[in-house]
Amino acid sequence: MKLLSRISINRTSLFILLLLTGTAVIFMLPVFYIVSTAFKPLSELFLFPPRFFVQNPTLQNFNDFMQAADASIVPFSRFLFNSSVVTFFSVSIALFISSLCAYAFSRMDFPGKKWLFNLIIIALMFAPEAVVITRFLVVSQLGIINTYFGHILPHIAVPVGVFLMKQFMDQIPASLSEAARIEGAGEFTIYWRIIMPNVMPAVGAVMIIVFQAVWMDNVSSVLYMTEESMRTLPYFVSTLTAAIGTDVARQGAAAAAGFIMFMPNFLLFAIMQKSMIETMVTSGIK
């Protein structure tokens with residue numbers, strides 16, 4: 001009986017393993033396609049029926065992309081620098097604000113706490129397009145058009161970040177905070193030295209979410225920037241691919257541009273996927 005039971009368990013485990021492996025392969029197909037297309041020569045880009053995997057990989061697409069970038073009035077390095085600065089400061093400030101807000105909701109009592117947190121939950125339901133006009137009015141009235149802060153400000157309020165971090169902080173025993181207060185620690189010390197080291201998975205998950213939103217954002221460049229030198233890499237790539245979209249000879253450059261924009265997102269998620277999974281599991285625990 002024990003032998004039959006073990007055989008049954010092994011078959012079940014094998015079935016689950018094969019099912020999960022197949023599912024993983026299906027979800028990875030778009031990634032394989034993006035990478036494969038970026039290295040396809042022009043002859044393979046227009047094959048019919050199309051081939052999923054590249055047969056004769058080439059770097060010519062990246063050369064075409066850089067040639068198109070060199071033809072731009074503003075250097076490609078300027079767009080890359082702008083995106084790097086905006087992404088770094090947007091992610092850093094968003095993490096700091098989200099964690100402070102989550103700490104207040106998780107560890108403090110104040111009037112209107114439940115009502116304010118419900119507002120944050122409601123904010124999760126709004127698509128970014130619903131607040132475009134409001135954001136433009138705020139940026140315009142503050143006088144930060146054509147500044148880096150005009151890029152950063154729309155990204156520092158992250159309701160989903162507050163929600164995920166609060167749910168994670170709720171799992172930390174309150175006795176840790178109480179013990180620190182007895183020892184004379186202030187609220188910021190408790191937040192920085194006790195709570196934050198224990199919620200790093202949530203920090204990693206929010207970092208991925210904010211990074212993807214900022215790195216791929218070209219709306220800020222369109223709405224808040226009138227100077228070409230203040231625009232970011234996603235805007236440059238979108239205009240570049242739009243300009244070459246009907247040019248058969250430059251379809252390889254468009255494929256290379258998509259690969260360049262995709263890889264930072266993929267690498268960050270690959271490095272921090274454990275944090276994302278752990279946070280998503282914990283966020284559903286009461």
Undergrad: By side chain to side chain donor-acceptor pair (under 3.5 Å), which residues pair with Y224, not counting sequence neighbours?
TA: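 Checked Y224 against side chain to side chain donor-acceptor pair (under 3.5 Å); zero matches.
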Undergrad: With sequence neighbours excluded, what pairs up with F262 under the ring-ring contact (aromatic ring centres under 6.0 Å, His included) test?
TA: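 Once residues adjacent in sequence are excluded, the partners of F262 under the ring-ring contact (aromatic ring centres under 6.0 Å, His included) criterion are F266.
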Undergrad: Could you list the residues that satisfy side chain to side chain donor-acceptor pair (under 3.5 Å) with T232, not counting sequence neighbours?
TA: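 Listed in chain order: S221.
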Undergrad: For residues 132-140, which side-chain N or O atoms pair as donor and acceptor with protein atoms under 3.5 Å away, sequence neighbours left out?
TA:
| unit_1 | atom_1 | unit_2 | atom_2 | d |
| --- | --- | --- | --- | --- |
| R135 | NH2 | P154 | O | 3.4 |

Undergrad: What pairs of residues pass the salt bridge (charged side-chain N to carboxylate O under 4.0 Å, His left out) test when at least one of them lies in residues 182-197, not counting sequence neighbours?
TA: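 Only R181-E187 qualify under salt bridge (charged side-chain N to carboxylate O under 4.0 Å, His left out).
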Undergrad: Once side chain to side chain contact (heavy atoms under 4.5 Å, CB included) is applied, do any residues pair with I16, and if so which ones, sequence neighbours excluded?
TA: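 With sequence neighbours excluded, I16 shows a side chain to side chain contact (heavy atoms under 4.5 Å, CB included) to T12, L20, given in chain and number order.
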Undergrad: Any non-hydrogen side-chain atom of V210 less than 4.5 Å from a side-chain atom of L95?
TA: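 SC-SC contact between V210 and L95 ruled out.
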Undergrad: Can you name the side chain to side chain donor-acceptor pair (under 3.5 Å) partners of S99, sequence neighbours left out?
TA: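 For S99 the side chain to side chain donor-acceptor pair (under 3.5 Å) partners, ignoring immediate neighbours, are Y191.
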Undergrad: Does a side-chain heavy-atom distance below 4.5 Å link Q167 with S106?
TA: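 SC-SC contact between Q167 and S106 ruled out.
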Undergrad: Under the rule for ring-ring contact (aromatic ring centres under 6.0 Å, His included), what residues qualify as partners of F81, not counting sequence neighbours?
TA: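 Residues passing ring-ring contact (aromatic ring centres under 6.0 Å, His included) with F81: none at all.
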Undergrad: Mind jotting down which residue pairs meet the salt bridge (charged side-chain N to carboxylate O under 4.0 Å, His left out) criterion with at least one end in residues 216-233? Sequence neighbours excluded, please.
TA: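 Those involving residues 216-233 are E228-R231.
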Undergrad: Just to verify, what does F259 make a ring-ring contact (aromatic ring centres under 6.0 Å, His included) with, not counting sequence neighbours?
TA: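 By the ring-ring contact (aromatic ring centres under 6.0 Å, His included) rule, F259 matches F39, F62.
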Undergrad: Indicate whether any N or O donor in one side chain lies under 3.5 Å from an N or O acceptor in the other, for N63 and Q67.
TA: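 Their side chains do not contain a donor-acceptor pair, so the 3.5 Å distance test is not met.
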Undergrad: Going by the salt bridge (charged side-chain N to carboxylate O under 4.0 Å, His left out) test, which pairs reach into residues 163-173, not counting sequence neighbours?
TA: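 Every pair satisfying salt bridge (charged side-chain N to carboxylate O under 4.0 Å, His left out) with a residue in residues 163-173: K166-D170.
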Undergrad: Using the ring centroid of each side chain, check whether F65 and F76 are separated by less than 6.0 Å.
TA: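 Yes - the distance between ring centres of F65 and F76 falls below the 6.0 Å cut-off.
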Undergrad: Determine whether M261 and P234 make a side-chain contact, defined as any pair of heavy atoms from C-beta on separated by less than 4.5 Å.
TA: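 Yes, side chains in contact.
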Undergrad: How would you list all residue pairs meeting side chain to side chain donor-acceptor pair (under 3.5 Å) that involve residues 114-133, not counting sequence neighbours?
TA: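 Of all non-adjacent pairs touching residues 114-133, none passes side chain to side chain donor-acceptor pair (under 3.5 Å).
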